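Values reported hereafter were calculated over all heavy atoms of this structure, with side chains retained and with hydrogens, waters and symmetry mates removed. Everything numeric in this text was worked out from a predicted model, so none of it was measured.
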Amino acid sequence: MQARLCILAAAVLWSTSGFFAKAPLFEAWPKEIDGWPVRGPLLAFWRTTFASMLLFPLVRRPRWTVKLVPTTLTFAAMSASY
């Protein structure tokens, strides 16, 4: 049951990220940082940060291993290209 709730939470977080990316808050950003070189990775960073903060308490025994480095880089590239 917990696995299904994690998948549901991930789907909701992923689906609502577009809503927050188009928030009026970003309209006030200076035009110098608008666009891919800055705004894309910045939005990906915040999307990933909030998702990890919400999902991290659901992990039973969090451990950092070397195997997670390629996974983390792949997820970051995926989030930035989305």
Side-chain angles (χ1 to χ4, degrees):
M1 185 66 175
Q2 185 179 1
R4 290 180 181 169
L5 289 175
C6 286
I7 292 172
L8 178 65
V12 169
L13 289 171
W14 189 262
S15 299
T16 57
S17 66
F19 172 75
F20 291 109
K22 292 175 177 56
L25 169 72
F26 297 118
E27 297 293 327
W29 282 16
K31 292 298 177 192
E32 296 83 39
I33 65 169
D34 198 15
W36 168 249
V38 177
R39 187 174 182 177
L42 190 59
L43 288 174
F45 168 77
W46 286 112
R47 180 186 300 134
T48 305
T49 300
F50 286 122
S52 64
M53 286 189 319
L54 290 172
L55 294 175
F56 189 74
L58 300 176
V59 178
R60 279 192 225 156
R61 293 179 293 265
R63 289 182 295 243
W64 183 261
T65 64
V66 177
K67 294 177 187 177
L68 290 175
V69 173
T71 304
T72 304
L73 294 174
T74 302
F75 184 77
M78 178 197 62
S79 293
S81 65
Y82 176 70

- Message: I'd like to check the side chain to side chain contact (heavy atoms under 4.5 Å, CB included) partners of Thr71; sequence neighbours left out, ordered by chain and number.
- Response: none

- Query: Can you name the side chain to side chain contact (heavy atoms under 4.5 Å, CB included) partners of Val66, sequence neighbours left out?
  - Reply: none

- Query: To the nearest 0.5 Å, how far apart are CG in Leu68 and OG1 in Thr74?
  - Reply: 11.0 Å

- Phe56: hydrophobic cluster co-members (side-chain, 4.5 Å): none

- Message: Who clusters with Ile7? Use side-chain heavy atoms, under 4.5 angstrom, across I, L, V, M, F, W and Y, and order the result by chain and number.
- Response: none

- Message: Which residues end up grouped with Leu8 if you chain together Ile, Leu, Val, Met, Phe, Trp and Tyr wherever their side-chain heavy atoms are less than 4.5 Å apart?
- Response: Val12

